[in-house]
Amino acid sequence: MDDLDEIVLTGLTVFGRHGVYDHERENGQEFTIDLTLRMPLRDAAASDDVTDTVHYGELAEKVAAVVAGEPVNLIETLAARIADVALDDRRVHAVTVTVHKPHAPIALTFSDVAVTVHRAQPRIGTEVPA
């Protein structure tokens, strides 16, 4: 679909208690989230009205609530939950979510661990690439 535009939110950093190990749940750590929403923005551009688009400030608050909320074992699960929040707005055709876990419990030097998921609205007969 050539009429899809993007809204990108990168570097949203939120404290959460996700992980397989007890110490990850007890101590918690910061997670950084990147999102790319794919949706038509023509109406919003024409109206210049925030109600015709996804309010990225409100979206950031919803995503932060997921990250700060109920702990999960895997960042794969966390990324999927965040994607679901973005897709709650039916105007969003597809979303790409990356969850970064830069303080993962790895006994080697590394700069980041990240998981990226691509999700789309379930549309009959229409596959939207992410």
Side-chain angles (χ1 to χ4, degrees):
M1 296 195 155
D2 293 331
D3 63 340
L4 294 182
D5 305 300
E6 294 182 348
I7 295 175
V8 179
L9 172 63
T10 58
L12 179 65
T13 302
V14 182
F15 185 85
R17 297 181 180 278
H18 310 286
V20 174
Y21 300 111
D22 289 342
H23 67 86
E24 292 181 287
R25 299 284 181 102
E26 293 167 10
N27 300 329
Q29 61 189 285
E30 288 187 334
F31 295 82
T32 301
I33 312 302
D34 301 329
L35 294 102
T36 300
L37 308 180
R38 294 196 40 143
M39 60 185 288
L41 296 176
R42 188 176 309 270
D43 290 347
S47 71
D48 197 31
D49 188 335
V50 71
T51 61
D52 289 331
T53 189
V54 171
H55 188 300
Y56 45 79
E58 292 175 0
L59 177 62
E61 291 291 334
K62 291 175 184 176
V63 170
V66 171
V67 177
E70 179 186 350
V72 296
N73 290 331
L74 303 177
I75 58 176
E76 290 86 337
T77 306
L78 184 59
R81 288 184 178 182
I82 293 167
D84 288 344
V85 166
L87 292 172
D88 279 346
D89 188 320
R90 300 297 292 170
R91 296 173 298 185
V92 176
H93 289 226
V95 62
T96 298
V97 177
T98 301
V99 175
H100 301 267
K101 188 175 180 179
H103 306 291
I106 297 173
L108 298 166
T109 302
F110 70 100
S111 60
D112 192 18
V113 171
V115 168
T116 300
V117 300
H118 307 276
R119 298 291 185 269
Q121 291 289 1
R123 298 179 192 268
I124 299 172
T126 309
E127 188 62 40
V128 179

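All values below come from the heavy atoms of this structure, side chains included, with hydrogens, waters and symmetry mates left out.
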Point to revise | side chain to side chain donor-acceptor pair (under 3.5 Å) involving Arg42 - partner list, sequence neighbours excluded | key: none
Review point. Distance-only, no hydrogens or angles: does the His18 side chain make a donor-acceptor pair with backbone N or O of Ile75 under 3.5 Å?
Key: no
**Study point:** Side chain to side chain, Glu70 and Leu78, heavy atoms closer than 4.5 Å
**Key:** no
Exercise for review: Quick one: closest heavy-atom pair of Asp34 and Gly11, and the distance?
Suggested key: OD1-N, 2.8 Å
Check your understanding: Between atom CG of Asn27 and atom CZ of Arg17, what is the distance when rounded to the nearest 0.5 Å?
Key -> 7.5 Å
Point to revise | Spacing of CD belonging to Glu61 relative to CG belonging to Leu12, to within rounding of 0.5 Å | key: 8.5 Å
Exercise for review: Could you list the residues that satisfy ring-ring contact (aromatic ring centres under 6.0 Å, His included) with Tyr21, not counting sequence neighbours?
Suggested key: His23
Practice item. For the pair Gln121 (side chain) and Leu87 (backbone), establish whether a donor and an acceptor sit closer than 3.5 Å, ignoring hydrogens and angles. Key: yes
Review point. Counting distance only, does the side-chain N/O of Arg91 pair as donor-acceptor with the main-chain N or O of Thr53 below 3.5 Å?
Key: yes
Revision key, fill the gap. Tracing side-chain contacts under 4.5 Å among Ile, Leu, Val, Met, Phe, Trp and Tyr outward from Phe15 reaches none
Review point. Side chains of Leu41 and Met39: does their closest heavy-atom pair fall under 4.5 Å?
Key: yes
Practice item. Considering only Ile, Leu, Val, Met, Phe, Trp and Tyr, and joining two whenever side-chain heavy atoms are under 4.5 Å apart, list the other residues clustered with Leu74. Key: Val20
Review point. Does Asp48 have any side chain to side chain contact (heavy atoms under 4.5 Å, CB included) partners at least two apart in sequence or in another chain, and if so, which?
Key: none
Practice item. With sequence neighbours left out, write down each residue that passes salt bridge (charged side-chain N to carboxylate O under 4.0 Å, His left out) with Glu26, or none if nothing qualifies. Key: none
